[in-house]
Number of protein chains: 2
Amino acid sequence: MNLKQLAAHLNLSQTTVSRALNGYPEVNEQTRKRVMEAAQALNYAPNARAKGLATGRAMAIGHVIPMSTQHQMMNPVFGDFIAGASEEYVKAGYDMTLSVTGDRDEKENYRRLKAKGNVDGIIVHGPSMTDARIPFLRQLGLPFVVHGRATELDLPYSWVDMNNTHAFQRATDFLLDLGHRRIALINGLEFMDFAYRRRVGFEQAMAGRGAAVDPRYMTAGEMTESYGFESAARMLALPDRPTAMITSSVIAAIGIRRAIHAAGLEMGRDVSVITHDDDLSFLRNGPDVPIFTATRSSVYEAGRIAAAMLLAHIADPALPAQPRLLEAQLIIGGSTGPVPQDAR
Amino acid sequence: MNLKQLAAHLNLSQTTVSRALNGYPEVNEQTRKRVMEAAQALNYAPNARAKGLATGRAMAIGHVIPMSTQHQMMNPVFGDFIAGASEEYVKAGYDMTLSVTGDRDEKENYRRLKAKGNVDGIIVHGPSMTDARIPFLRQLGLPFVVHGRATELDLPYSWVDMNNTHAFQRATDFLLDLGHRRIALINGLEFMDFAYRRRVGFEQAMAGRGAAVDPRYMTAGEMTESYGFESAARMLALPDRPTAMITSSVIAAIGIRRAIHAAGLEMGRDVSVITHDDDLSFLRNGPDVPIFTATRSSVYEAGRIAAAMLLAHIADPALPAQPRLLEAQLIIGGSTGPVPQDAR
DNA sequence: GTCAGGTACCGAAGCGCTTTGGAAATGCCC
DNA sequence: GGGCATTTCCAAAGCGCTTCGGTACCTGAC
C-alpha cells in the first residue's frame, strides 16, 4: 500500500492525501478525516526512504558506540542511555540507528554515516580527553551531542556530562570527614575523560586536606568485577592497607566487596567503599537502603537529555552549542563508616 | 557529492559510474579504477535512502527490544547480543536500527516498521511462551529470527536459542550428585520462555532422582541483584534452609552471594550456587578460575548466529525456517561443593 | 562486404514521497 | 452578473539512485 494506491482508492490526488496526512491547512477537515481513516484502515504508513529522499531529512539519529578493541567490552551503561534517548526519539517520531565500531576506523565511519544520509544527527559516546571525533564532526557539519566531554578540547560543542570532578571531590571529602586518610582510587581507564576528571576531583579533595595521594592506592582499568576484586585484593594485602576506596562503577564495587570479604574484613566497618552509581535499571544499588554509599547520576536521564538536545539542534541549526552539566547526588549507604580505631 | 556530480566530474554517465561502483561486469577495468579512485578521493558514498528506494532493499536490520514496563528494565544481555550481531551486519554492509518499545503497542510497531520500509528483517528479543509476535510476523511476511523461542507455538520459524532445559537439568544433576536435596531455584519471570524452560529442566532433574521440589525454594522475578539477595535471604532464614541454589543470571547470583555472607555463611561450603552465565563482556565470571559454577553460553555468539541466519533468510527468502539450538557448557567454579555434613 | 557477437558506454524511466505553481470551484460584495 | 478573495484540490517536477533497453564501435568468421 503506497500513496498512489491510497489516493486512487480515495479518488483524490497524491498531493491532497499527502497534505491531509501531514497536517497542512489547505485541506478540508472532512477530507482529512476521510483520508486519515482510510490510511488507518488500510494501515498505510509512508515509506520512510521515499519520504527521506523527498524531504532531505532522515528522521533518524545515529549512535556510534565504540567497542574497546582490547577487551571487546561493551559498556554496560549503554543500554540504559539508549533507553532514555529512545523515549525522546519516539515522542518526536525519530528512529535510532546503531553502529558498533572499533576505535580504529571511527572517523571514516562518521563520514560514511553523513554521506549515506541516513541520520540527521549523532550522539557521540565515550569521549577521550583529546577526542579527535569532536573537531572532525564539527567540520563535517553533522549535528551531534557528546555524552561526556573532552577536557583538552577548547571548542564549542554540545555535551551532556555529569560533574565528575565535583562528585568525586565530594565523595573524597566525605571519607576525609570520617577520618580516612589512606584512600584508594580504583578508577576507569584514564584516557577516558570521565575517569580523568574523577581522578582530578579525588586529588583536589586530598590536597585540600593535606592528605597524601599514594600511587600504590591508585589504579586505572576497565571497570569489571574482577578488576575491582584484583585491585582491591592487591591493596588490602599491603602492610598499610587503605581504609577506604572510591571506585567508578557498581560492578567494580561488587568486586571490591568480594575482595574485602575474602580478606576476612567487613565492608563499611574495616574498609569503606564509595562507588559511582549510574543508576542502571538492572543493577540498582539496593531498593530503599542503598548497599553502597555512592555518587549517583542517572544515565537514563542523561540519555533523555542528550537526545532532546540533539533534536533541538536539528530543528534549529542556528542554536548555539550547549553544555549541560548534571550534578550527582551523594547518597549514603551501608558501605561507609568512620575510620577504624587501629588505623587512626 | 552525489552520483550526478561524480559522473559529471568523470565525464561519464550516471549509469556507468553506478555500474562501476557496484561491480557490474560491463565496464572497462580501467574506467572502473578511475571511478573508484575518484569516489574515494571525493569521499562519495551513495545516498542510502535513494539506493533503498531504487532497489527496494533497505540494507538494514531492525532490533525491537521490549522494555519491561513494570520495572522499566533494560535487559543487560542486550548490549552483548547487539555487539555480536553487529559484527555480521558490518561484514554484509547492513545497518542496524533499534526500537525500544513497551510491551503494549509492539504489534503496531512491527507493522509500522514494515510499512515504513526501513528494515529488511528483524530480530525478535525476549519471547514469551505464547508470543503473539511470532504468528503476527509470519503473516506480515517480514523476515525475522527470534532470540529464544516460544514453547507453546507450533509454527515453523527461525530461532537461535540455548538449550535451557538441558543446561538446568545438568546443573541440577550436578548438585544432586554432590548430595544436595534441598535445592532452590531463583528464576527469571516465568512467562518468559527461557525461564520456563529452565524450570522444566530443574524439575525434570529433581523428579529423575526422586527429590522433592519445595515451592518455598522457588521464586520467579526480574533478575536484579536485590532480587537475588532478597530471595536468597528469605530462603536462608527458613529452618530447613536450602543447601544449594540455582539462578538464571550472574547479577542475581551476586545478590545471592551477598545474602549468604550476610547470613554468616560461606558460598561453596555452606551453600552451593550455580548460575547461568551469558558471558557478558562487562561481567565476566572470573578471568581464569570462575567465581561461580555456571552453565555458560555466550550471548555475543548468539547475536552473531542470529544475525547471520537472518541475513541468509533475506538473501534467499525460499530458505526454510531454521532452528538453532546452542548447548551451554557446565563450568565448575568455586561456588559449589558437597552438601554440608549436618544437612545430610 | 556483411553480419553475428562482444565490449563499453548512455538515456531515460521509475522507486514513493513532497512541494511548487497553478486551476477550478465557491462565496461574497457591489 | 462581474470581480475578487478564499478554499480546495491537482499535475508535474524533483529528491539520488538503479536498471531496462538501447546505441556505437570493434572484431573476426563466412
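Every chain is numbered from 1 and lettered A, B, ... according to where its sequence line falls, protein lines coming before strand lines. Everything numeric here is computed off the predicted structure, so don't read it as measured data. Because only heavy atoms are used, hydrogens play no part in the values below, and waters and symmetry mates are left out as well, while side chains stay in.
Between B:Phe194 and B:His147, the ring centre distance reaches or exceeds 6.0 Å. You'll find the ring centres of A:His125 and A:Phe81 inside the 6.0 Å limit.
Each of C:dT18, C:dC10, D:dT18 was ranked by its minimum atom distance to the side chain of B:Thr55; first place goes to D:dT18. Out of C:dG16, D:dC10, D:dT18, the shortest distance to the side chain of B:Leu53 is found at C:dG16. Residue A:Tyr24 has its side chain nearest to C:dT19 when only C:dT19, D:dC10, C:dT18 are considered. Of the candidates D:dG16, C:dG21, C:dC17, the closest approach to any side-chain atom of A:Arg19 belongs to C:dG21. If you check D:dC9, D:dT18, C:dC17 against the side chain of A:Val27, the one that comes closest is D:dC9. The side chain of A:Tyr44 approaches C:dC17 more closely than any other nucleotide in the set C:dC17, D:dT18, D:dT19. Minimum atom distance to the side chain of A:Glu26 is reached by D:dT8, of the listed D:dT8, C:dG16, C:dC17. Listed candidates were D:dC10, D:dG16, C:dT18. Nearest to the side chain of A:Ser13 is D:dC10.
Of the residues near DNA chain C, B:Ala54 and B:Pro25, the one whose nearest nucleotide (by heavy atom distance) lies more toward the 5' end is B:Pro25.
Partner A:Val299 forms a side-chain contact (heavy atoms from CB on, under 4.5 Å) with one of A:Leu280, A:Asn75, A:Leu326 and no other, that one being A:Leu280.
Scanning atom types as modelled, no donor and acceptor separated by under 3.5 angstrom connect the side chain of B:Thr16 and the base of C:dA8. No hydrogens or angles were tested; on distance alone, a donor-acceptor pair under 3.5 Å links the side chain of B:Thr15 to the base of D:dT19.
Summarising the geometry, the separation between CD on A:Gln14 and P on D:dA12 is reported as 12 Å, rounded to the nearest angstrom. Straight-line distance from the CZ atom of A:Arg57 to the P atom of C:dG16: 22 Å, rounded to whole Å. Atoms CZ (B:Arg49) and P (C:dG14) sit 23 Å apart, rounded to a whole Å. Note: CG (B:Leu21) to P (D:dG16) measures 16 Å, nearest angstrom.
A donor-acceptor pair is defined here as one N or O able to donate and one able to accept, closer than 3.5 Å; no such pair exists between the side chain of A:Asp80 and the backbone of A:Tyr300.
For the OP1/OP2 pair of C:dT18 and a distance below 4.0 Å, the side-chain nitrogens and oxygens of A:Asn22 include at least one atom meeting the criterion. The side chain of A:Lys4 places no N or O atom within less than 4.0 Å of a non-bridging phosphate oxygen (OP1 or OP2) of C:dG16. Of the side-chain N and O atoms in A:Asn47, none sit less than 4.0 angstrom from OP1 or OP2 of C:dG16. Listed pair B:Asn28 / C:dA8 meets the phosphate criterion, a side-chain N or O lying under 4.0 Å from OP1 or OP2.
Comparing the start and finish of the helix from C:dG1-D:dC30 to C:dC30-D:dG1, five pairs each, the helix axis swings through 60°, to the nearest 10 degrees.
Salt bridge present: A:Arg112 and A:Glu108 bring a charged side-chain N and a carboxylate O closer than 4.0 Å.
The structure places CZ of A:Arg149 at 13.0 Å from OG of A:Ser158, a figure rounded to the nearest 0.5 Å. In this structure, A:Leu98 CG and A:Ile61 CD1 are separated by 12.5 Å, a value rounded to the nearest 0.5 Å.
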